[in-house]
Chemist: 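Provided herewith is a single structure, encoded as structure tokens, for subsequent inquiry.
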Amino acid sequence: MNTLPCGHPGRAGSLRLCPHLAVEEPPPSTRHLTGVGTRYDLVCAECTPAALVDVCEACADRADQQSFPSGWHGEPEVLVRDRDLGGAWSTRACPVRPLNDDCLAPMPGHWLALTAEGFVRITDDDQWLVGPVELPEETYEDIRDIPDRPRRGLHTSRDGRFAAVVSDYGQFATVVDLDDWLTVLDLDRDWMDNELTRYPLAFLGDGETAKVVAATDWNRLDVFALPGGELLTDRETAAPQKDEPEPEHYLDYFQGALHPSPSERWLVTDGWAWHPVGIPLAVDLAAWLDGDRHAAEHARHLADRDDTWDTPIAWLDDNTVALQDTDGVELYDAGTGRRTGMFAGPAGRMWGHGGLLYVAAEAGLEVWDPAEGVRVGFLEGFTPIAHREGTFAELRNDQLRTWTTPR
């Protein structure tokens with residue numbers, strides 16, 4: 001068996017490195033795209049691409065996972081193999097105007113919109129006002145310097161019984177029991193830098209297992225039972241005192257948008273840490289609810305994203321999460337924290353369904369096959385703002401337009 005330039009025998013890895021990166025603790029590197037999809041090589045600051053060599057799979061994998069990338073050179077290849085998507089269309093008049101594109105949410109068999117008048121239920125052939133809902137007024141002065149912030153956001157539970165109105169890039173949220181028309185929980189995440197992230201909130205379970213997970217401080221998440229609002233995650237997360245060591249379970253991290261996996265095994269939070277670096281974390285939600293009191297403070301680190309956060313995220317299956325940034329999409333295994341794939345092209349709100357990735361791009365809805373990193377379909381002019389079990393909804397210009405994927 002031949003010995004590779006890294007000094008190890010075996011099969012060459014999937015990328016090439018400069019020799020300085022084939023070590024136990026590789027230094028920062030630059031990714032040099034090869035022009036084939038998103039394949040790239042790694043080069044340290046002291047070398048040029050002329051120094052690249054083939055290395056064994058272990059050295060290539062270690063450098064790829066541990067060498068913090070300082071940037072990119074070159075352009076990726078965007079792969080497009082569009083085909084006819086089929087599916088079923090529906091369009092009807094619907095004079096309902098959500099406050100913004102984050103204010104239409106799925107319900108079993110229909111939709112819920114948040115309008116200036118309050119909640120509006122929307123079915124296939126009718127719509128009606130459910131009632132008004134209010135949040136406390138934001139008083140944090142720094143937020144006024146950022147356009148379109150704070151802004152309202154809407155979340156709904158899987159069974160449609162509960163809805164939450166949040167102040168994205170703001171401080172407050174409220175959870176409403178739609179069946180009994182009662183406010184069951186008022187939430188406050190404090191004012192500290194909350195103008196930089198959406199309000200962290202997500203519903204879990206349904207029926208007797210219904211819960212909501214939400215921020216109760218800038219760096220803290222809690223889970224509450226519904227409809228009673230009982231706190232299920234009582235614990236100590238004290239801040240460090242001056243000149244004292246940091247407490248064991250202190251989390252110096254600004255919580256962001258929450259994304260539960262389909263089975264609710266994992267919870268990805270799209271937050272950041274100073275100075276600033278976007279760091280999506282995967283919380284072991286099952287362990288947390290099963291008695292690991294500080295699982296939320298010891299979440300799995302998925303990626304360092306320079307100053308990028310508050311970007312589209314979608315689950316492809318119970319373990320694979322897609323993170324979008326300016327370079328495209330990276331896929332991560334929530335259980336191991338390892339990156340399992342990447343591809344260029346998607347830019348816009350994302351949903352995962354049936355193993356495919358659906359992206360509401362500026363020109364229309366794109367459908368991507370993550371396994372191949374290829375766009376496989378495009379619906380020009382259709383830009384949905386909500387998704388329910390394979391049905392995508394666009395609500396604009398007093399029209400509700402939906403497209404349902406082939407069964």
Side-chain angles (χ1 to χ4, degrees), residues 1-81 273 275-280 282 300-309 311 316 319-347 357 368-376:
M1 183 176 291
N2 293 331
T3 299
L4 294 165
C6 60
H8 303 131
R11 187 168 55 184
S14 60
L15 51 79
R16 297 185 301 163
L17 316 173
C18 70
H20 298 107
L21 296 173
V23 295
E24 290 296 324
E25 297 184 7
S29 62
T30 301
R31 292 171 173 168
H32 286 251
L33 290 155
T34 66
V36 179
T38 52
R39 294 171 67 176
Y40 57 87
D41 300 318
L42 293 176
V43 183
C44 78
E46 297 182 14
C47 294
T48 68
L52 290 169
V53 295
D54 288 317
V55 296
C56 71
E57 291 177 319
C59 284
D61 184 64
R62 180 173 56 246
D64 197 26
Q65 297 293 332
Q66 298 183 16
S67 174
F68 184 79
S70 59
W72 292 87
H73 281 269
E75 295 293 331
E77 179 187 23
V78 178
L79 303 177
V80 177
R81 301 173 192 158
H275 52 102
V277 178
I279 305 175
R300 189 179 303 283
H301 184 132
L302 293 181
D304 291 313
R305 309 177 77 196
D306 295 329
D307 58 353
T308 300
W309 63 91
T311 56
L316 294 172
N319 290 299
T320 307
V321 62
L323 309 179
Q324 188 181 126
D325 59 27
T326 56
D327 300 313
V329 164
E330 294 187 336
L331 308 178
Y332 286 86
D333 185 300
T336 64
R338 294 177 63 85
R339 193 182 72 222
T340 58
M342 60 184 297
F343 53 97
L357 191 64
W368 292 80
D369 180 352
E372 300 292 334
V374 176
R375 196 181 83 175
V376 296

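Residue numbers run from 1 in the order of the sequence given.
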Chemist: Where the side chain of Asp306 meets the backbone of Thr308, is there a donor-acceptor pair that is under 3.5 Å apart?
Modeler: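 Side chain of Asp306 to backbone of Thr308, a donor-acceptor pair under 3.5 Å: no, none is there.
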Chemist: Spell out, as yes or no, whether a donor-acceptor pair under 3.5 Å connects the side chain of Asp41 to the backbone of Arg16.
Modeler: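 Pair found, side chain donor or acceptor close to backbone of Arg16.
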Chemist: Could you tell me which non-hydrogen atom of His20 sits nearest to which non-hydrogen atom of Cys47, and how far apart they are?
Modeler: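 Shortest heavy-atom separation between His20 and Cys47 comes out as ND1-SG, 3.1 Å.
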Chemist: Can you confirm whether Thr320 sits close enough to Asp333 that some side-chain heavy atom of one is under 4.5 Å from a side-chain heavy atom of the other?
Modeler: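 Thr320 does not reach Asp333 side chain to side chain.
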Chemist: Please report the interatomic distance OG(Ser29) to CG(Asp64), rounded to the nearest 0.5 Å.
Modeler: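 Those atoms lie 8.5 Å apart.
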Chemist: Could you pull out the closest heavy-atom pair between Leu33 and Gly74, with the gap in Å?
Modeler: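 Reported closest heavy-atom pair: CD1-O, 3.6 Å.
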Chemist: For the residue pair Arg31 and Leu42, establish whether any side-chain heavy-atom pair is separated by less than 4.5 Å.
Modeler: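 A side-chain contact exists here, since the closest heavy-atom pair is under 4.5 Å.
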Chemist: So does Leu15 get a backbone contact from the side chain of Arg39, meaning a donor-acceptor N/O pair under 3.5 Å?
Modeler: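 Checked: no pair found.
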Chemist: Using only atom types and a distance under 3.5 Å, with no angle test, would you say the side chain of Glu57 pairs donor to acceptor with the backbone of Gly13?
Modeler: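 Not a single qualifying donor-acceptor pair exists.
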Chemist: Minimum heavy-atom separation for Leu331 to Ala322, with atom names?
Modeler: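 Between these two residues, the closest heavy atoms are CD2-CB, 3.7 Å.
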Chemist: Go through it in stages, so that I can follow the logic: the residues are His73 and Thr30, the test is side chain to side chain contact (heavy atoms under 4.5 Å, CB included), and I'd like the CA-CA distance, side-chain angles, deciding distance and then a yes or no.
Modeler: CA-CA 7 Å; His73 281 269; Thr30 301; 3.1 Å; yes
Chemist: Contact between Val329 and Pro370 at the side-chain level, heavy atoms closer than 4.5 Å - yes or no?
Modeler: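 They are not in contact (no side-chain heavy atoms under 4.5 Å apart), so the answer is no.
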Chemist: Any side-chain heavy-atom pair from Val55 and Leu21 closer than 4.5 angstrom?
Modeler: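 No, too far: nothing below the 4.5 Å cut-off.
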Chemist: Would you check if the side chain of Arg339 reaches a backbone N or O of Gln65 as a donor-acceptor pair within less than 3.5 Å?
Modeler: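 The answer is no, because no donor-acceptor pair under 3.5 Å joins these two groups.
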Chemist: Compare every heavy atom of Gly337 with every heavy atom of Tyr332, then report the nearest pair and how far apart it is.
Modeler: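 Nearest pair, atom of Tyr332 first, then Gly337: CD2-O, 3.7 Å.
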Chemist: Between Asp61 and Arg338, does at least one N-O distance fall below 4.0 Å, as a salt bridge requires?
Modeler: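 Looking at Arg338 together with Asp61, the answer is yes, because their closest N to O distance falls below 4.0 Å.
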Chemist: Within the side chain of Thr38, is there an N or O that forms a donor-acceptor pair under 3.5 Å with the backbone of Pro76?
Modeler: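 No, because the side chain of Thr38 does not come within donor-acceptor range (under 3.5 Å) of the backbone of Pro76.
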Chemist: Walk me through it: do Met342 and Tyr40 pass the test side chain to side chain contact (heavy atoms under 4.5 Å, CB included)?
Modeler: CA-CA 11 Å; Met342 60 184 297; Tyr40 57 87; 3.4 Å; yes
Chemist: Quick one, Leu357 with Phe343, criterion side chain to side chain contact (heavy atoms under 4.5 Å, CB included). Give me CA distance, side-chain angles, the key distance, then yes/no.
Modeler: CA-CA 12 Å; Leu357 191 64; Phe343 53 97; 4.2 Å; yes
Chemist: Any idea which heavy atoms bring Glu24 and Pro26 closest together, and the distance?
Modeler: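 The answer is O-CD, 3.4 Å.
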Chemist: What are the two closest non-hydrogen atoms of Ala22 and Arg62, and how far apart are they?
Modeler: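 Nearest pair, atom of Ala22 first, then Arg62: C-NH2, 4.3 Å.
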Chemist: For Arg305 and Leu323: C-alpha separation, side-chain torsions, deciding distance, then whether side chain to side chain contact (heavy atoms under 4.5 Å, CB included) applies.
Modeler: CA-CA 10 Å; Arg305 309 177 77 196; Leu323 309 179; 4.1 Å; yes
Chemist: Quick one: pull up SG in Cys59 and CG in Asp54 and give me the separation to the nearest 0.5 Å.
Modeler: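 That separation rounds to 12.0 Å.
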